[in-house]
Amino acid sequence: MIIVMRRGVADEEIAGIEERIRQEGLLPHTSRGVETVVIGVIGQRPEGMLERMERMPGVDQVTPISKPYKLASKDFCAGPTTIQLGDAVLGSDDVVVMAGPCTVESREQVVETARGVRAHGAHVLRGGAYKPRSSPYSFQGLGPEGLRLLREAKEISGLPIITEVMEPGTVELVCEYADVLQIGARNCQNYPLLREIGRVHKPVMLKRGPGCTVEEWILSAEHIMSHGNMQVMLCERGIKTFETATRNTLDLSAVPLVKRITHLPVIVDPSHSTGKWYLVKSMCQAAVAAGADGVLIEVHPTPDTALCDGGQSLTVENFAACVEGIRRVAEAVGRRVPSRTPSRELVFT
Ligand code: PEP
Ligand code: MN
């Protein structure tokens, strides 16, 4: 159930509604927009509550919600969720570019990539320290050492860091280094991990599971939000279909669909969805045309020698061309790729 308050409602009236919801044994979730205040009600609604709420002072409209997700639903929020990421605001007109290697391999590799992507317009540096590899014999990431190298690359480039956290036991450690936590596709429905992420105060990017429907994916976001962390962004990274010509099938229709039903920002990962570096630029452009709030791109100084996902990684030069392409589409659809602010000039060692 959602309660839309009258325009110009008084603070005491809002507090009165919140108190009444608690008395009914449920939880209020208040969202204040520029003009409207919306109070979402979480929990099983007792008989007659809807009518009782309609009679309360300050209430304009009460609507029952039958969707399985609530906090993630657009109905529950007075405006889009926005998250400040370095020089850009995710969820606004800004198109946010996150870029970097699949895996942190060495200081030289991550610093060189950070420097390259920063120079060509990235807002956030990505890089995995803990890697979910399909084979137990593949490189599993540098772990804590990878986190330390990411911190160094952040200090040098000024770019905030996004990195994956794979298990509840490492959430605290990863939080010490990351500006944004990444939940990988394989963990989209790892509910104990989602619960743990829900308790921290850090933005989180939730990748869609390769076998998840849109509803299951949003419900996973709801798991995080129901534990208190509202700074959730969703990432479409391709789903499993019969097609084998690409690594996964990028479900671009999910972008406007999810933006229609939730208030959460949506990122597209053209690297893991296609698996092919030469498809990345066009899928980035298509993503922005479809309304994506950002893109997550794998970049490596020498993709041929990459320890992971070299075939889908852009060189720094190709990344520069990709950002240019994104910029053109962003402008065509009334958005922008923010440039770096002069006060945060690059310092290289
Ligand atoms: C990654 O971002 O490097 C990654 C492992 O992605 P996904 O979880 O989408 O496979
Ligand atoms: Mn990867």
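As the structure lists them, so they are numbered: ligands from 1, and atoms in each ligand from 1.
The name of the N, O or S atom in D309 nearest to the Mn ion (ligand 2) is OD2. Among heteroatoms of the N, O or S kind in E298, OE2 lies nearest the Mn ion (ligand 2).
Scanning the protein for heavy atoms near atom 4 (C) of ligand 1, the closest one is H272 NE2, 3.4 Å. Looking at atom 8 (O) of ligand 1, its nearest protein heavy atom turns out to be A185 N, 2.7 Å. Protein heavy atom at the shortest distance from atom 7 (P) of ligand 1 is K207 NZ, 3.5 Å. Given atom 9 (O) of ligand 1, the protein heavy atom at minimum distance is R237 NE, 2.6 Å.
Some N or O of Q182 is nearer than 3.5 Å to an N or O of ligand 1, by distance alone.
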* Full working for ring-ring contact (aromatic ring centres under 6.0 Å, His included) between F319 and H120 -> CA-CA 7 Å; F319 172 72; H120 295 293; 7.0 Å; no
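Side-chain heavy atoms closer than 4.5 Å link hydrophobic residues (I, L, V, M, F, W, Y) into clusters, and following such links, even through other members, never connects L125 to V96. One hydrophobic cluster holds both V268 and L234 under the rule that ILVMFWY side chains link at heavy-atom gaps under 4.5 Å.
Ligand-side atoms of ligand 1 in range of C102: 3 (O), range being under 4.0 angstrom from any heavy atom. Of all atoms in ligand 1, numbered sequentially from 1 with element shown, those under 4.0 Å from a heavy atom of K131 are 1 (C), 3 (O), 5 (C). Against a heavy-atom cut-off of under 4.0 Å, E298 is close to the following atoms of ligand 1: 3 (O). For ligand 1 and G184, the ligand atoms under 4.0 Å from any heavy atom of the residue are 8 (O).
The residue from R126, Q312, R186 that puts a heavy atom closest to atom 2 (O) of ligand 1 is R126.
Residue C308: no N/O/S atom is found under 2.8 Å from the Mn ion (ligand 2).
Ligand 1 is never approached by G128 to a heavy-atom distance shorter than 4.0 Å.
Salt-bridge check for E13 with R6: failed, with every basic side-chain N at 4.0 Å or more from each acidic carboxylate O. Salt-bridge formation is not detected for the pair R336/D93: no Lys NZ or Arg NE/NH1/NH2 atom is positioned less than 4.0 Å from an Asp or Glu carboxylate oxygen.
In terms of heavy atoms, H263 sits closest to G79 at CB-O, 3.7 Å. For the pair V280 and C322, the tightest heavy-atom approach, listed with the atom from each and the gap, is CG1-SG, 4.4 Å.
Side-chain N/O atoms of E18 and T30 include a donor and acceptor closer than 3.5 Å. S253 and D251 form a side-chain donor-acceptor contact under 3.5 Å, judged by distance and modelled atom types alone.
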